[in-house]
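Structure first, then comments.
Chain identifiers are assigned alphabetically (A, B, ...) following the order of the sequence lines, protein sequences preceding nucleic acid strands; residue numbering begins at 1 within each chain. Just so it is clear, the values below take in all heavy atoms, side chains as well, and ignore hydrogens, waters and symmetry mates.
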2 protein chains.
Amino acid sequence: MPDEPYFIREEKLEVSRSQGNAEAAVEPLQLGKRVREIRLGQNLTLEEASKRTGLARSTLSKIENEQISPTFSAVSKLVKGLGIDIPQLFTQPKQSNGASGRRDITRSGEGTPHPTPTYEHELLATQLTNKRMVPFKTVVHARAFDEYPEWVRHDGEEFLYVLKGSLLFYTEFYEPIELFAGDSAYYDCEMGHALVSTSEEDAEVLWVTA
Amino acid sequence: MPDEPYFIREEKLEVSRSQGNAEAAVEPLQLGKRVREIRLGQNLTLEEASKRTGLARSTLSKIENEQISPTFSAVSKLVKGLGIDIPQLFTQPKQSNGASGRRDITRSGEGTPHPTPTYEHELLATQLTNKRMVPFKTVVHARAFDEYPEWVRHDGEEFLYVLKGSLLFYTEFYEPIELFAGDSAYYDCEMGHALVSTSEEDAEVLWVTA
DNA sequence: TGCAAATGTTTCCAATAGGAAATTTTTGTT
DNA sequence: AACAAAAATTTCCTATTGGAAACATTTGCA
């Protein structure tokens, strides 16, 4: 079972989801569909997308139709060329449709899970693509700073809000500071950062990246 | 735009989203290096990592030594099997490069108050300027939709998370929907929107605009 | 030191990704 | 409807990936 990542498995049963949004059926993520949505969302033809990404028209077609599994190099080109938000690729699709009247509701606990040894992420609003922000709720499993092999660093800015419990907020250029429920922080993600729970129960935080 | 809260307007959102530029240097070096760091950080041998990810020992070795560019399928297995934080894989650690090491902590209740008839905002992280996002916590005083003279509309996108209580989320193009603590929403702000508390106590929400 | 087990690398080859061009499908126009 | 142009898919081929096993290196221990 741990063989195929859950979001790639193709023939998996369709978990039907309650709630309005009609038609449910959370299809396991199909990278191709995702890419196609994003491309069409930008009104690009394969030819144009090809120019932007440097990938052949035929290759793009095959990727979108799930006929091949692109190499990391190809995915990188896609990401750069189409300005794709990385987490988008790893989260559920779902049509969001044009104009600026988009809306995506995520019920408590119904986000897309993404566990790591130190954090347990729950990605929110994953049905919308092309978002400026990436929101997710996280349970902080880490109990000591040395559980992190290295600083977490990436592009952009991050807003952090402590929902439950307390934690130590480590950053590369500042002293660690303890945060409690209701506290928040805003910081540049290029600066190494890491969280460590200090409360009895693992702390819970809300994170938004842009 | 009518009704745009001034604090959003003033915040100078410099949302610089790099859109697709052709060609571009791809293959952010050292995917392999990062994988190795992460694996060693977890004290795993290639053999163990192989079991966890379902990739052959030799394949892992080649990935780590940058001898091959793994397929998306392989990368996915890596991510799932080793619990890798996705953005970490696609971005460079970029060491001291960052002049950007800003950080702003806001203690619970210590934000900058900004009351209106319907909302009571508390602006967070106000010490930092030039942010991409504007986070604020809000108590929803409104008890009926008609307390709003007109739709609230402004530029950008908004993420909403219900901290306490329950409320009705009115939007211009959708049916109103009731949200409870823990629920969240992501929407385009050009679409009229408004909140109305339905719980005994005024609902509290966290808002992030970009 | 010597040797065995464990870990990591390389080789070989079958499977498959990616590009160019041919083919098919869709779209728009008269 | 018929045709042309645009867009997407498929074909064919070469280059590259990924797995099994051989090979090499390191580690641990007597």
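The existence of a salt bridge linking B:Glu190 and B:Arg153 is excluded, since no basic side-chain nitrogen approaches an acidic carboxylate oxygen closer than 4.0 Å. Classification of B:Arg102 and A:Glu157 as a salt-bridged pair holds, one side-chain N sitting under 4.0 Å from a carboxylate O. Salt bridge absent: B:Arg39 and B:Glu48 never bring a charged side-chain N and a carboxylate O closer than 4.0 Å.
Rounded to whole Å, atom P of D:dT9 lies 13 Å from atom CD1 of A:Ile68. The interatomic distance linking A:Glu47 (CD) with D:dA8 (P) rounds to 10 Å, in whole Å. Atoms NZ (B:Lys51) and P (C:dA6) sit 11 Å apart, rounded to a whole Å. Rounded to an integer number of Å, the gap from B:Glu48 CD to C:dG8 C1' is 13 Å. Atom CG in A:Leu46 sits about 15 Å away from atom P in C:dA20, given to the nearest Å. One atom, CZ of B:Phe72, and another, P of C:dG18, lie 12 Å apart when rounded to the nearest Å. Separating the CD atom of A:Glu66 from the P atom of C:dG18 is a distance of 13 Å, rounded to the nearest angstrom. Spacing between atom CD1 of B:Ile63 and atom C1' of D:dT17 amounts to 9 Å, rounded to whole angstrom units.
Between the side chain of A:Thr45 and the base of D:dA7 there is no donor-acceptor pair of N/O atoms closer than 3.5 Å. Residue-to-nucleotide contacts include a donor-acceptor pair under 3.5 Å from the side chain of B:Lys62 to the base of D:dG19. With hydrogens and angles left out, the side chain of B:Arg57 and the base of C:dG8 share a donor-acceptor pair within 3.5 Å. Not a single donor-acceptor pair, N or O on each side, falls under 3.5 Å between the base of C:dA17 and the side chain of A:Thr71.
Partner B:Leu55 forms a side chain to side chain contact (heavy atoms under 4.5 Å, CB included) with one of B:Leu78, B:Val75, B:Leu46 and no other, that one being B:Leu78.
Taking every side-chain heavy atom of A:Ala56 into account, C:dG19 is the closest of D:dA8, C:dG19, D:dG19. When distances are taken from the side chain of B:Thr59 to each of C:dT9, D:dT17, D:dG19, the shortest belongs to D:dG19.
In this model, the phosphate group of C:dT9 is approached by a side-chain N or O of B:Arg36 to a distance below 4.0 Å at OP1 or OP2. At the phosphate of C:dT9, neither OP1 nor OP2 sits under 4.0 Å from any side-chain N or O atom of B:Ser58. The side chain of A:Asn65 places no N or O atom within less than 4.0 Å of a non-bridging phosphate oxygen (OP1 or OP2) of D:dA8. Within the structure, every side-chain polar atom (N or O) of A:Gln67 is placed at least 4.0 Å from both OP1 and OP2 of C:dA17.
In this structure, B:Phe159 and B:Tyr186 have tilted ring planes: the angle between them lies in the 30° to 60° band.
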